[in-house]
Number of protein chains: 2
Amino acid sequence: MRHICDPNETCPVMKAVEVVGDWWSFLIVRDAFLGRKRFGEFQTSLGVAKNILTDRLRKLVDAGVFEQVPAADGSSYKEYALTKRGRELLPVLVALGDWGAADGGAMPVVDRKTGKPVRLEFCTADGRKVKVEDVQMVTE
Amino acid sequence: MRHICDPNETCPVMKAVEVVGDWWSFLIVRDAFLGRKRFGEFQTSLGVAKNILTDRLRKLVDAGVFEQVPAADGSSYKEYALTKRGRELLPVLVALGDWGAADGGAMPVVDRKTGKPVRLEFCTADGRKVKVEDVQMVTE
DNA sequence: CCGTATCCATTCCGATACTG
DNA sequence: CAGTATCGGAATGGATACGG
């Protein structure tokens with residue numbers, strides 16, 4: 001995919017899309033958040049061709065989203081674990097899931113410590129929530 | 001793009017990706033949030049081929065992200081305006097932009113009423129912020 | 001089980017030309 | 001300016017076979 005978009009314009013959205021903007025990459029990351037780690041798990045879960053999966057996993061490793069760690073079962077294979085950087089993609093995933101779940105069927109996320117549900121919200125520095133329709137981007 | 005992913009599994013992330021997961025669609029929406037409305041504006045801004053732009057705009061209109069409205073300048077053309085549903089994509093855009101801006105150069109968003117900066121955060125129902133690393137998805 | 005390599009069909013995209 | 005139509009090349013992805 002060639003894209004022109006003024007190169008001076010270092011748009012952060014575009015930088016992110018360069019890495020995870022691909023269809024499969026994105027679903028692989030989603031699967032990882034759901035606990036999948038092994039090549040075969042991704043492969044059967046997503047039904048993606050193996051060469052494609054290989055390619056995307058490598059790119060995601062290169063981008064620092066995954067790291068390869070020894071398999072938990074002691075086999076000689078590797079598992080793909082989300083890095084810190086990779087786990088920071090959770091807001092993206094949740095935002096997208098919330099939008100996709102027009103009706104209330106959103107993917108639930110919880111506070112690991114308390115087990116209580118959490119939601120993604122726009123907040124001011126002093127902790128006040130701001131509704132989506134009251135938020136706007138500023139061009140500069 | 002064919003995708004197998006168990007059809008029973010109505011994953012909201014996937015539903016969202018079906019609509020805006022395309023590279024160009026996503027950047028068009030970003031441009032719209034930056035104030036662009038006209039065919040030509042998108043075209044020169046993104047450098048995308050016109051036939052592709054036509055196609056993506058139509059799909060986004062079909063998906064309810066954009067609606068066509070009469071041009072503000074009274075010309076006989078149409079402008080593409082984000083619908084309510086389309087504006088609800090802002091959290092996705094901001095999450096992605098935050099992630100893409102590893103260093104602090106994130107795209108700023110503000111509360112329209114007060115002009116104060118806002119950020120996207122995970123919160124509990126009682127308004128407490130939860131750090132990303134303490135949030136986890138629950139499988140079911 | 002985890003990947004790599006190859007092949008082929010399809011899709012996608014950009015350029016161009018054309019219409020109103 | 002805002003599209004539509006068409007065409008050829010490039011990239012992509014799926015299937016398959018193969019190897020560690």
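To find a chain, count down the sequence lines: A is the first, B the second, and so on, and within it residues start at 1.
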Query raised in the report: Which stems, defined as runs of 3 or more consecutive Watson-Crick or G-U wobble pairs with both pairing distances under 3.5 Å, involve DNA chain D?
Result: C:3-20 with D:1-18
Requested in this report: Would you mind reading off the distance between B:Trp24 atom CH2 and C:dC13 atom C1', rounded to a whole angstrom?
Outcome: 9 Å
Query raised in the report: Could you give the CZ-to-P distance, from B:Phe66 to D:dA2, as a whole number of Å?
Result: 14 Å
**Report entry** Gap separating the CG atom of A:Leu57 from the OH atom of A:Tyr80, nearest 0.5 angstrom
**Finding:** 5.0 Å
**Report entry** Side-chain donor/acceptor contact of A:Tyr77 with base of C:dC2 under 3.5 Å
**Finding:** no
Query raised in the report: Which of these nucleotides, C:dC13, D:dG3, D:dA15, is closest to any side-chain atom of B:Ile52?
Result: C:dC13
Query raised in the report: Are A:Asp134 and B:Lys113 within salt-bridge range, i.e. N to O under 4.0 Å?
Result: yes
**Report entry** Gap between atoms CG and P, on B:Asp55 and D:dT6 respectively (whole Å)
**Finding:** 15 Å
Report task. Test A:Cys123 against A:Arg128 for side chain to side chain contact (heavy atoms under 4.5 Å, CB included), laying out the working first. Result -> CA-CA 5 Å; A:Cys123 305; A:Arg128 195 169 42 81; over 6 Å; no
Requested in this report: Using atom CG of B:Leu57 as one end and atom P of D:dC1 as the other, report the distance to the nearest whole Å.
Outcome: 16 Å
Query - Among C:dG14, D:dG13, C:dC2, the one nearest A:Arg56 by side-chain distance - result: D:dG13
Query raised in the report: C:dC12 P sits how many Å from A:Asp22 CG, rounded?
Result: 13 Å
Query raised in the report: Are A:Lys59 and A:Asp55 close enough for a salt bridge, meaning some N to O gap below 4.0 Å?
Result: yes
Report task. State whether A:Thr54 places a side-chain N or O below 4.0 Å from either non-bridging phosphate oxygen (OP1 or OP2) of C:dG3. Result -> no
**Report entry** B:Arg38 side-chain N/O to D:dA2 phosphate OP1/OP2 under 4.0 Å
**Finding:** yes
Report summary line: Closest to the side chain of B:Phe39, out of D:dG14, C:dG3, D:dG3, is D:dG3
Query raised in the report: Hey, does the side chain of B:Thr83 reach the backbone of B:Gly64 with a donor-acceptor pair shorter than 3.5 angstrom?
Result: yes
**Report entry** Cation over ring face, A:Arg56 and A:Trp23, 6.0 Å, 45°
**Finding:** no
Requested in this report: Find the distance B:Asp73:CG to D:dA2:C1' and express it as a whole number of Å.
Outcome: 12 Å
**Report entry** Partner set under salt bridge (charged side-chain N to carboxylate O under 4.0 Å, His left out) for B:Asp98, not counting sequence neighbours
**Finding:** none
**Report entry** Residues B:Asp111, A:Lys129: salt bridge by 4.0 Å N-O rule
**Finding:** no
**Report entry** Cationic N near anionic O, under 4.0 Å, B:Lys37 to B:Glu41
**Finding:** no
Requested in this report: Using a 4.0 Å heavy-atom cut-off across all strands, classify B:Tyr80 as base, sugar-phosphate, or nothing.
Outcome: sugar-phosphate
Query raised in the report: Between B:Arg58 and D:dG3, is there a side-chain N or O to OP1/OP2 distance below 4.0 Å?
Result: no
Requested in this report: Locate the shortest heavy-atom distance separating B:Val19 from B:Ala63; write the atom from each residue and the value.
Outcome: CG1-CB, 3.5 Å
Report summary line: From CG of A:Leu46 across to P of D:dG13 the rounded distance in Å is 13 Å
Give every pair of a protein N or O atom and an N or O atom of nucleotides 7-10 of chain C that lie under 3.5 Å apart, one pair per line with the distance.
none

**Report entry** Nearest-angstrom distance from the residue atom NZ of B:Lys50 to P of C:dA17
**Finding:** 12 Å
